A.B. asks: 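Before I ask anything, here is the structure I am working with.
The structure displayed is predicted, hence computed values, not measured ones. Proteins get letters first, then strands, A, B, ... in listed order; numbering begins at 1 in each. Note that these values count all heavy atoms, side chains included, but never hydrogens, waters or copies made by symmetry.
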Amino acid sequence: MSEEQVETEQEPTEPTVGAGEQILSRRHLFALAAVGSLMLCACSLTTLRAGNWIAEALAGRGPEISGSDSTAAADWPATSAELTVAVSPSMAGTLNELASSFNGLGLRTPDGELMEVELVTRSSREMVGESVQQPAYQAVTPDSSLWLRQIDRRWAELFPEEHVSQPASRVGRTTLFAVSPVVIAVPLDVAQQLGWPQQSIGWKEIQARAASPAGKFNWGHPGPSSTAGIAATLSKFYAGAGITRGLTGEIATQPDVIGYVRQAERDAHVLEAGEWAGARPSPEEGRERFVTDTNGRLLDAFVTQEQSVIAWNRSSGRGPSSLSGMEGVGRFLPAGLLAAIYPREGTLWADHPLALLELDGRAGPAVTQNQRSTFRAFTDFLLGEESQFALLEAGFRPVDTTVALMAESSPFVENGTVNPLLPQTLMPLAPQPVLEMVLDAWRLSMAPVRVLLVVDTSESMAGSKLTRTKAALHGFVIQMQGDGDMVGLVEFGPGVKRFGDLQQLDAEGRRQVQLQIEGMEAGGSTRLLDAVWAAYSELGVLAKADANCAIVVLTDGRDNDSEHRLRSLRRAIAEAGRPVSIHTVAYGRDADGRLMEELARIGGGRFYRADEMTVEEVYRQIAASIQREE
Amino acid sequence: MTRTRIFFVTVLSAAALFLVGTLAWRTIGGDGISPGFAASRPEVIRIHVVTALPVEQWVRAAADEFSAGGHGTEGANIEVEVIPMDGLVALGNWERNSFAALGTDVLPDELSRDELDALQFFPSVWIADGRYLVDIANASFREQLGQDRFLSDGQYRVRSLAKTLLVWGLFRSRGVPLLENLGPISWSTVHKAAAAPTGWKELGGDPAWGNFKLAVSVSGSSASGSAAVMAAAGEFHGKTEVTVEDLSDPRFGIWLTELMEAATEFSGGGTSSAERVAIFGYTAGDGGQFLESELLQNMAGIQTRWQEPIVLHYPSVTNWFDFPFAIWVGPETSALQKNAALAFQEFLLSEAQQLKALEFGLRPVDRGVAVDAAADSLFVRWQRLGVQKEVSTDDEMRPARRDVLSVLARWRDLYEGQ
């Protein structure tokens with residue numbers, strides 16, 4: 001055996017690493033080569049990426065830095081095939097099931113990306129506001145095409161063009177996949193009393209019954225964030241004007257029309273997100289939540305989509321179908337079958353368009369080619385036979401008109417409470433400027449409000465609490481829509497720090513209030529009751545019969561320094577007897593909830609609990625509530 | 001193993017990696033040469049065809065058949081992707097350069113990888129609703145680029161694919177009293193019906209039908225909607241060529257506003273007036289103006305859902321749509337794509353596809369193919385509802401000019417302003 005052989009034989013058993021005499025086995029050599037290759041690959045990739053980055057930077061295509069939060073929130077890769085769709089509450093449940101089925105197909109784009117559809121729920125009106133900015137979705141399906149027109153109109157206003165034949169459009173390819181007319185849902189016995197089904201019944205009869213001094217007929221409808229709400233609100237203008245078409249701005253603003261609408265608004269229970277205006281604490285019956293009017297009564301009629309009536313009747317008036325399409329609203333109609341009344345004067349359609357937004361990349365990422373592919377595939381899927389029958393089963397009218405609504409197994413013929421050959425008349429949607437005026441007039445028909453926002457800016461509010469509160473207050477001011485409304489800001493800590501005068505909410509007034517909000521600073525102790533009394537005294541002087549006066553108090557702590565005591569405040573308010581309501585917000589865990597609840601009770605207002613996540617929504621609800629106070 | 005071996009293996013690995021890295025760099029970083037413009041021959045040539053909505057279904061079916069049929073050019077298979085788009089919307093996109101055509105000072109060879117990628121989706125073909133839209137787009141290109149992008153002669157010239165026209169249609173139950181009381185249907189009789197204060201009560205119909213409702217596409221949002229308003233203006237002024245002055249005439253404005261009060265508001269969905277009547281029934285219109293092809297395509301659905309058909313009536317002045325196949329001749333598309341487009345054009349003009357058009361209610365441009373030449377022809381199926389085999393072309397509306405289209409796009413604002 002040679003030395004070399006010996007050396008070779010020893011390699012596997014005695015690998016040695018000496019200084020200057022490193023002898024490696026074949027296995028280790030390959031391992032070394034592999035590690036080296038990996039490192040070189042990593043270096044190469046890094047170099048490639050860096051090279052590309054430098055090339056892009058030189059070409060002026062570096063990553064954009066945006067100061068907009070919405071842009072930061074709305075982001076997706078350039079190859080993304082995930083399509084996010086904003087869907088209206090009334091279609092959310094059904095579309096969610098269909099989207100799941102679609103995702104289960106595992107379709108891929110030509111470049112191999114997985115096509116997926118995600119849904120986010122928005123009111124149709126919210127979609128309009130968000131779509132002209134940079135939304136976190138690429139497609140929308142509001143409950144009616146009328147909202148798409150609002151999006152395009154607002155887009156054209158933002159980006160006017162003079163040198164082209166056609167104005168720019170934010171709304172791209174649009175497809176209808178299911179429709180449902182707006183109807184008045186009425187319990188079967190009530191409907192028969194009204195003369196259904198032999199007699200045609202109109203909006204005007206419903207409104208007249210609700211206005212009857214006997215007060216035995218309650219009806220309600222959603223707010224104008226949905227097509228059902230617009231139909232119901234618009235019907236009041238038509239009825240007030242005594243016409244069935246040709247509603248103009250001039251007609252809509254006539255005093256007698258406004259007077260009629262004002263009264264009709266008070267006679268109807270208008271359901272907003274959460275509850276309807278004028279509703280009182282919701283009694284519980286079993287595990288189901290009921291929402292009633294001030295007399296503890298459920299409704300006799302509610303404006304909704306035909307599909308909701310079918311769904312309600314299929315679940316025997318119980319279960320998840322709340323008719324409103326709003327989460328957590330609870331029941332407001334008695335159990336039992338409902339009849340769909342197609343108003344004689346005409347109605348609107350919820351036509352549920354699915355539209356791609358032409359996000360062009362100017363304020364955030366553009367809609368990708370793969371997302372377009374997903375949109376097309378999802379559209380085809382919704383128009384497919386299986387989906388169309390699923391939509392029929394859910395109570396919608398499929399757009400595939402060869403699908404017979406009157407077939408034996410169709411939900412449209414189950415109990416004769418809906419009529420697929422109706423409606424025959426359409427409520428003309430007023431031209432856009434008039435429509436906006438009508439919606440404004442709806443707000444104008446409410447009494448103007450005077451609100452003092454009493455805000456705790458003691459030491460404990462420092463940091464993110466105050467930041468969130470400022471955002472919530474800004475939201476509150478935006479929510480106040482009437483030019484005749486007035487808002488002031490009272491900042492308290494170790495005393496009333498600042499007492500802002502009530503500002504009329506025209507452009508300048510809004511600016512002043514916004515500046516006051518931004519100028520709030522935290523520090524000192526908490527003289528809550530003194531601040532409330534100061535605000536009450538101020539508003540009490542201004543209180544007029546034609547305006548709603550309210551105080552909105554927010555604190556995160558306890559009164560620890562006031563000269564007033566609760567008892568003396570209660571007595572003073574009772575003696576003053578002024579029409580000023582007090583709404584209170586206990587902010588965070590440390591807030592004195594009992595004191596705030598009692599303050600709201602004394603002031604005839606409502607008490608809310610809020611944290612940093614919910615404070616903005618709470619202020620939004622208060623704003624809506626105050627505007628509807630009588 | 002000796003250090004020599006280690007060194008040798010390492011050098012080889014490094015060399016191999018360098019080679020791979022270099023290739024990767026050229027692939028990822030780009031070298032300014034697009035596959036579409038390179039001399040290499042791809043296996044698949046993909047063309048995008050922006051297609052007017054009334055012919056979308058026919059063209060899509062043809063595209064599927066064409067792509068699956070192994071049609072090719074210079075050894076490459078052709079794949080056709082249809083992009084449905086109303087002619088007016090497409091025109092707006094051409095005018096504002098939404099398809100991202102290159103400027104006159106940009107050469108394809110100088111483009112980066114990203115820019116070349118973006119051109120993959122550039123339309124090779126535009127099938128507009130009418131030739132006048134192509135002419136208006138060309139006028140815009142002449143202003144921006146100094147030359148046409150769709151040619152009127154030569155190999156790549158614009159050629160019509162099929163025809164249809166605007167017709168009147170009335171639900172049978174509505175047509176009987178209306179025609180009895182007001183006479184043959186025209187814009188004038190429709191205006192009378194629209195202006196009737198008590199609606200169907202005084203038109204001889206059931207009062208429960210409410211007011212007379214007119215189905216018509218929205219002007220400014222669709223080519224057929226603008227054509228309908230043009231036709232109304234033409235009848236009002238007794239002309240076949242409408243000018244901006246005609247549309248701006250205050251008397252016409254009042255008349256049109258009264259007329260359009262009966263027009264139903266269904267703004268979205270990219271749906272035609274015929275589809276809307278099928279889906280929404282009488283609320284979308286007791287009758288109205290429809291593209292003949294769209295009405296015939298939806299007739300079965302109308303009968304299924306509303307239990308009665310719509311009867312066709314032909315206007316005395318016809319308004320034709322000829323769906324020109326216009327091939328983009330700019331540098332954004334390769335020679336292979338242009339030839340692929342040409343091959344698809346020839347396929348659509350073949351006798352087999354012209355016969356197929358009859359199943360979609362479209363009238364062939366091939367004079368050798370009669371409208372009743374196929375068993376599945378919708379012209380045969382719905383002949384009992386008033387479909388005419390031959391349509392008189394004595395009086396035809398002249399197509400809209402660019403300035404007229406601009407006014408039509410904003411007619412609603414114009415008259416609401418007044």
A.B. asks: For Tyr132(B), does the six-membered ring have the charged nitrogen or CZ of Arg401(B) within the cation-pi criterion, i.e. under 6.0 angstrom from the centroid and within 45° of the normal?
C.D. replies: no
A.B. asks: Tell me which of these, Pro398(A), Ala78(A), Gly172(A), has more heavy-atom pairs under 4.5 Å with chain B than the rest.
C.D. replies: Pro398(A)
A.B. asks: Less than 4.5 Å to any heavy atom of chain B: does that hold for the side chain of Leu421(A), its backbone, both, or neither?
C.D. replies: both
A.B. asks: Please step through side chain to side chain contact (heavy atoms under 4.5 Å, CB included) for the pair Leu382(A) and Leu354(A), ending with a clear verdict.
C.D. replies: CA-CA 10 Å; Leu382(A) 291 177; Leu354(A) 173 62; 3.8 Å; yes
A.B. asks: What part of Ala278(B) lies closer than 4.5 angstrom to a heavy atom of chain A: side chain, backbone, both or neither?
C.D. replies: both
A.B. asks: Under 4.5 Å heavy-atom distance to chain B, tell me which part of Val399(A) shows up: side chain, backbone, both or neither.
C.D. replies: both
A.B. asks: Assess the pair Phe280(B) and Trp349(A): is the distance between their ring centroids shorter than 6.0 Å?
C.D. replies: yes
A.B. asks: Is chain B contacted by the side chain of Pro420(A), its backbone, both, or neither, given a heavy-atom distance below 4.5 Å?
C.D. replies: backbone
A.B. asks: Is there a side chain to side chain contact (heavy atoms under 4.5 Å, CB included) between Val277(B) and Ile310(B) once you walk through the steps?
C.D. replies: CA-CA 9 Å; Val277(B) 166; Ile310(B) 284 184; 3.4 Å; yes
A.B. asks: Out of Gly281(B), Ala300(B), Gly301(B), Gly199(B), which one racks up the most heavy-atom pairs below 4.5 Å with chain A?
C.D. replies: Gly301(B)
A.B. asks: Of all of Arg372(A), Arg397(A), Gln369(A), His352(A), which one pairs up most often with chain B through heavy atoms under 4.5 Å apart?
C.D. replies: Gln369(A)
A.B. asks: Can you tell which part of Glu79(B) gets under 4.5 Å to a heavy atom of chain A, answering side chain, backbone, both or neither?
C.D. replies: neither
A.B. asks: Any donor-acceptor pair under 3.5 Å linking the side-chain atoms of Ser140(B) with those of Gln144(B)?
C.D. replies: yes
A.B. asks: Quick one: does NZ or CZ of Arg174(B) land under 6.0 Å from the six-membered ring centre of Trp209(B), within 45 degrees of the ring axis?
C.D. replies: yes
A.B. asks: Using non-hydrogen atoms only, which part of Ala355(A) is less than 4.5 Å away from chain B: side chain, backbone, both, or neither?
C.D. replies: neither
A.B. asks: Using heavy-atom distances under 4.5 Å, tell me whether Asp360(A) contacts chain B through its side chain, its backbone, both, or neither.
C.D. replies: neither
A.B. asks: Please look at Phe171(B) and chain A and tell me whether the side chain, the backbone, both or neither of the residue comes under 4.5 angstrom of a heavy atom of that chain.
C.D. replies: neither
A.B. asks: Side chains of Asp143(A) and Ser124(A): is there a donor and an acceptor less than 3.5 Å apart?
C.D. replies: yes
A.B. asks: Is it true that, when you exclude Gln57(B) itself, more than 12 heavy atoms of the residues, nucleotides or ligands shown sit nearer than 6.0 Å to its CD?
C.D. replies: no
